[in-house]
Visitor: 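There's a structure below that I have some questions on.
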Amino acid sequence: MSTAVSTSVEQIRKEFPVLHQEVNGKPLIYFDNAATAQKPKAVLDALSHYYEYDNANIHRGIHTLAERATSAYEDTRKSVGKFVNANETEEIIFTKGTTEGINLVAQAYGRKFLKDGDEIIISQLEHHSNIVPWQILADQTGAVVKIIPINEKGELLLEEYRKLLSEKTKILAVNYISNSLGTINPVKEIISLAHDAGAVTLIDAAQAAPHHPLDVQDIDCDFLAFSAHKMYGPTGVGALYGKRRLLESMDPYQGGGEMIKEVTFEKTTYNDIPYKFEAGTPNIADVVALKAAIEFIQSIGYTFIHDHEELLLNHANKVLLDIPGMTPYGQASEKASVFSFNIDGVHPFDIGMWLDAKGIAVRTGHHCTQPLMDWLRIEGTVRASMAIYNTIEELDIFAEALKDIVKKFKK
C-alpha cells in the first residue's frame with residue numbers, strides 16, 4: 001500500500017467535517033476512536049452518491065440502477081479481498097460487523113463440527129463479542145471454553161497457551177489488538193501453534209484494521225472478522241474472511257433470499273459462497289462506502305499511520321504518566337495507540353463527564369471486557385484511543401484537563 005508523500009495530519013483533519021465543531025463551548029477533541037472512528041468526506045460522499053444516483057436492490061435486477069448498485073457492491077468485495085490479501089474474492093462475506101462474523105463462525109462452523117468435550121480457546125483480553133458466542137456454542141454442544149492468561153503488562157502468556165493446546169482443541173479465537181489495553185498479539189505464532197494441534201482459528205481484527213495491515217495468507221488464519229466503523233467507514237457493516245474449504249463445509253447462518261439456488265416446498269438447494277451466507281437484502285449503501293474507507297486508508301498508508309500513532313502514544317505516556325494518582329493499564333511492548341487509566345479517588349465516569357465539559361470525548365467503563373476488568377480488580381477505566389487525525393496539541397490539552405480534574409477532586 002502506497003504512502004501519499006504529501007500526507008500531513010493537518011490535511012487529514014480537513015477530510016473529517018465532524019472534527020471542526022465545538023462541544024460545550026470548546027473545540028472537539030475526539031479520543032474515542034476504539035469505539036468508532038469518524039468518517040472522512042470520501043465515505044460520506046460515497047453514501048450520498050449511492051442514494052442519490054444508484055439506489056436499487058442488487059443481484060436480481062436487470063435495469064441500469066440495479067446493475068450499477070450490484071457492480072459497486074461487488075467492487076467492494078474485491079477491494080476487501082485485496083485489503084486482507086484473501087486468496088479468492090469469494091472468501092469474503094459481508095456482515096453487520098465483527099460481532100456477526102464471529103457469531104456466524106460459531107454457529108455455522110462450530111455448531112456443526114464441535115461435540116461434547118471439545119475445547120475452544122480464547123484469551124483474557126477478549127471483547128464480549130469474542131466470548132459470548134463461544135459460551136453459547138459450548139452450551140449447545142457440550143464443548144468447554146479455555147482461557148489464555150495474561151501478565152501484568154497485558155501480554156498473553158504463550159507458555160500457558162501451549163499448555164492449553166491438545167487434541168481436544170478445535171477452535172482458537174483471539175483478537176489481533178486488544179480494544180481495552182491496545183496490546184498487539186503475536187497472532188501468526190498463536191495461529192501456527194493452534195494449527196499444530198489441529199484447531200481452526202479465528203482472528204478478531206476489529207481494532208487491527210485501522211492500525212495494522214491485514215494479511216490472512218501470511219498469518220494463515222482460517223477466519224478473520226472486522227468492522228467498517230472502526231476504520232473510518234460506516235456503521236452496521238463489516239466483513240468475514242474464511243478459507244474456501246471451510247466456508248463450503250458450513251451450513252448457512254440464515255435462510256432467505258439470495259442464499260439459495262432453488263427452492264421447492266420439498267427441498268432447498270443453497271447458493272455458492274459467499275452468497276450462501278448473505279441472506280436477504282444487504283446493507284448495500286454502507287458496503288459501497290466501505291470501499292471508500294479502504295481507499296482512504298490506502299491513500300495514507302499504514303507506514304504513516306503507524307509512525308503518527310506511535311508518536312501520539314509516546315507523547316501520551318510522556319505527559320500523562322506524571323499526573324498525580326495516575327494508574328495506567330496495559331503496558332505491552334507491542335501496543336496500539338490506546339491509553340487506559342484510572343486516577344486515584346476519582347471514578348472513571350466522573351472523569352469522563354468532566355472531560356466532556358471541556359470538549360474532550362473519551363470512553364469510560366468496562367469497554368465490553370468485563371472478565372478483563374475483573375482480572376485487573378477494577379470496575380473499569382478511562383480509555384483514550386487515538387487515530388490518524390489526533391494531534392500532539394490535543395494530548396497536551398487533555399493532560400492539562402486531567403490535572404485540573406485532579407485539583408478539583410482534591411479540594
Side-chain angles (χ1 to χ4, degrees), residues 1-20 28 30-34 36-50 52-54 68 71-86 89 92 94 97-98 176-177 184 205-218 224 226-239 241 284-313 336-337 385-392 394:
M1 297 178 184
S2 62
T3 303
V5 176
S6 60
T7 297
S8 72
V9 177
E10 183 180 355
Q11 289 174 318
I12 290 169
R13 288 180 63 83
K14 291 177 181 177
E15 298 300 315
F16 291 85
V18 72
L19 298 179
H20 306 288
L28 171 63
Y30 187 79
F31 285 150
D32 195 20
N33 296 288
T36 194
Q38 297 301 339
K39 322 306 175 193
K41 287 190 290 185
V43 170
L44 303 177
D45 290 345
L47 284 168
S48 177
H49 184 276
Y50 170 79
E52 288 182 2
Y53 297 102
D54 297 336
R68 289 207 304 246
S71 177
Y73 184 88
E74 292 301 332
D75 281 349
T76 299
R77 197 188 307 276
K78 294 173 186 175
S79 182
V80 171
K82 292 177 181 177
F83 182 66
V84 302
N85 194 29
T89 301
I92 303 301
F94 290 122
T98 307
Y176 207 134
I177 297 178
I184 302 175
Q207 296 297 328
H211 305 290
H212 196 284
L214 302 177
D215 189 332
V216 295
Q217 293 191 65
D218 178 57
L224 181 142
F226 68 88
S227 301
H229 73 101
K230 308 284 190 184
M231 48 177 288
Y232 313 108
T235 57
V237 69
Y241 157 81
I284 304 167
D286 292 317
V287 167
V288 171
L290 169 56
K291 183 173 183 282
I294 290 172
E295 290 173 345
F296 174 77
I297 288 174
Q298 290 172 332
S299 72
I300 296 168
Y302 278 113
T303 299
F304 180 93
I305 291 171
H306 172 271
D307 291 348
H308 179 63
E309 291 179 349
E310 185 174 55
L311 178 70
L312 292 173
L313 183 60
S337 53
S385 50
M386 293 154 275
I388 51 175
Y389 41 63
N390 290 125
T391 67
I392 296 294
E394 288 179 326

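One-based numbering along the sequence shown. The basis for the numbers below is simple: all heavy atoms, side chains too, and nothing from hydrogens, waters or symmetry mates.
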Visitor: Under the side chain to side chain contact (heavy atoms under 4.5 Å, CB included) test, which residues partner T89, sequence neighbours left out?
Guide: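 Scan of T89 (side chain to side chain contact (heavy atoms under 4.5 Å, CB included), adjacent residues dropped) gives R77, K78.
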Visitor: Rounded to the nearest 0.5 Å, what separation is found between the CD atom of E52 and the CG atom of D45?
Guide: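 The distance works out to 9.0 Å.
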Visitor: Can we call the ring centroids of Y241 and F83 under 6.0 Å apart?
Guide: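 Ring-ring flag for Y241/F83: false, centres at least 6.0 Å apart.
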Visitor: Tell me whether K230 contacts the main-chain N or O of T36 through its side chain, where contact means a donor paired with an acceptor under 3.5 Å.
Guide: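 Looks like no, no N/O pair under 3.5 Å.
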Visitor: Of all heavy-atom pairs between K39 and L44, which one has the smallest distance, and what is that distance?
Guide: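 Looking at all heavy atoms of both residues, the closest pair is CB-CD2, 4.0 Å.
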Visitor: Show your working on side chain to side chain contact (heavy atoms under 4.5 Å, CB included) between L312 and I392 and close with a plain yes or no.
Guide: CA-CA 6 Å; L312 292 173; I392 296 294; 4.2 Å; yes
Visitor: Nearest 0.5 Å, please: how far is CD in E394 from CZ in R13?
Guide: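 Rounded to the nearest 0.5 Å, the CZ-CD separation comes to 4.5 Å.
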Visitor: Is the backbone of Q38 close enough, under 3.5 Å, to the side chain of Y389 for a donor and an acceptor to pair up by distance?
Guide: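 At least one qualifying donor-acceptor pair exists.
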Visitor: If I compare all heavy atoms of A336 with all of I177, which pair ends up nearest, and what's the gap?
Guide: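 For A336 versus I177, the nearest heavy atoms are CB-CG2, 3.8 Å.
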Visitor: Tell me the closest heavy-atom pair linking S385 and A34, and the distance in Å.
Guide: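 S385 and A34 have their closest heavy atoms at OG-N, 2.8 Å.
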Visitor: Mind jotting down which residue pairs meet the salt bridge (Lys or Arg N to Asp or Glu O under 4.0 Å) criterion with at least one end in residues 291-301? Sequence neighbours excluded, please.
Guide: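 Pairs touching residues 291-301 that pass the test: K291-E295.
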Visitor: Measure across A209 and Y302 and return the closest heavy-atom pair with its distance rounded to 0.1 Å.
Guide: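 Shortest heavy-atom contact: O-OH, 2.5 Å.
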Visitor: Between Y53 and H49, is the gap from one ring center to the other below 6.0 Å?
Guide: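 Yes - the distance between ring centres of Y53 and H49 falls below the 6.0 Å cut-off.
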Visitor: Please answer whether the main-chain N or O of G238 pairs with a side-chain N or O of S227 as donor and acceptor at a distance below 3.5 Å.
Guide: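 It does not hold such a pair.
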Visitor: Residues in side chain to side chain contact (heavy atoms under 4.5 Å, CB included) with A228, at least two apart?
Guide: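 Applying side chain to side chain contact (heavy atoms under 4.5 Å, CB included) to A228 gives P234, V237, L290.
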Visitor: Output every pair passing salt bridge (Lys or Arg N to Asp or Glu O under 4.0 Å) with a member in residues 302-311, not counting sequence neighbours, ordered by first then second residue.
Guide: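 For residues 302-311, and leaving out neighbouring residues, there are no salt bridge (Lys or Arg N to Asp or Glu O under 4.0 Å) pairs at all.
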Visitor: Please walk me through it: do Y30 and F16 pass ring pair (Phe, Tyr, Trp, His ring centres under 6.0 Å)?
Guide: CA-CA 11 Å; Y30 187 79; F16 291 85; 9.9 Å; no
Visitor: Rounded at 0.5 Å granularity, tell me how far CD1 in I12 sits from OG in S299.
Guide: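 So the gap between those two atoms works out to 8.0 Å.
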Visitor: Tell me, please, which residues at least two apart from A72 pass side chain to side chain contact (heavy atoms under 4.5 Å, CB included).
Guide: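 Side chain to side chain contact (heavy atoms under 4.5 Å, CB included) list for A72, sorted by chain: V288.
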Visitor: Rounded to the nearest 0.5 Å, how far apart are CG of D215 and CG of L224?
Guide: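 Atom-to-atom, D215:CG and L224:CG are 10.5 Å apart.
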Visitor: Which heavy-atom pair separates S79 from I294 by the least distance, and what is that distance?
Guide: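 Minimum heavy-atom separation between S79 and I294: OG-CG2, 3.6 Å.
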Visitor: Return yes if some donor-acceptor pair links the side-chain N/O of Q217 with the main-chain N/O of N85 below 3.5 Å, else return no.
Guide: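 Looks like yes, one N/O pair under 3.5 Å.
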Visitor: Write down the atom of V43, the atom of Y232, and the distance for their closest heavy-atom approach.
Guide: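 So the minimum-distance heavy-atom pair works out to CG2-O, 3.3 Å.
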Visitor: Could you grab the distance from atom CD1 of I388 to atom CG of N33, nearest 0.5 Å is fine?
Guide: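 Rounded to the nearest 0.5 Å, the CD1-CG separation comes out at 9.0 Å.
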Visitor: As a quick check of understanding, evaluate side chain to side chain contact (heavy atoms under 4.5 Å, CB included) for D286 and L47, giving each step before the final call.
Guide: CA-CA 7 Å; D286 292 317; L47 284 168; 3.0 Å; yes
Visitor: What is the ring orientation for H212 with Y176, classed by angle as parallel under 30°, tilted 30 to 60°, or perpendicular over 60°?
Guide: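 Aromatic pair H212/Y176 classed tilted.
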Visitor: Can you name the residues that form a side-chain hydrogen bond (donor to acceptor under 3.5 Å, both in side chains) with H308, not counting sequence neighbours?
Guide: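 Here no residue qualifies.
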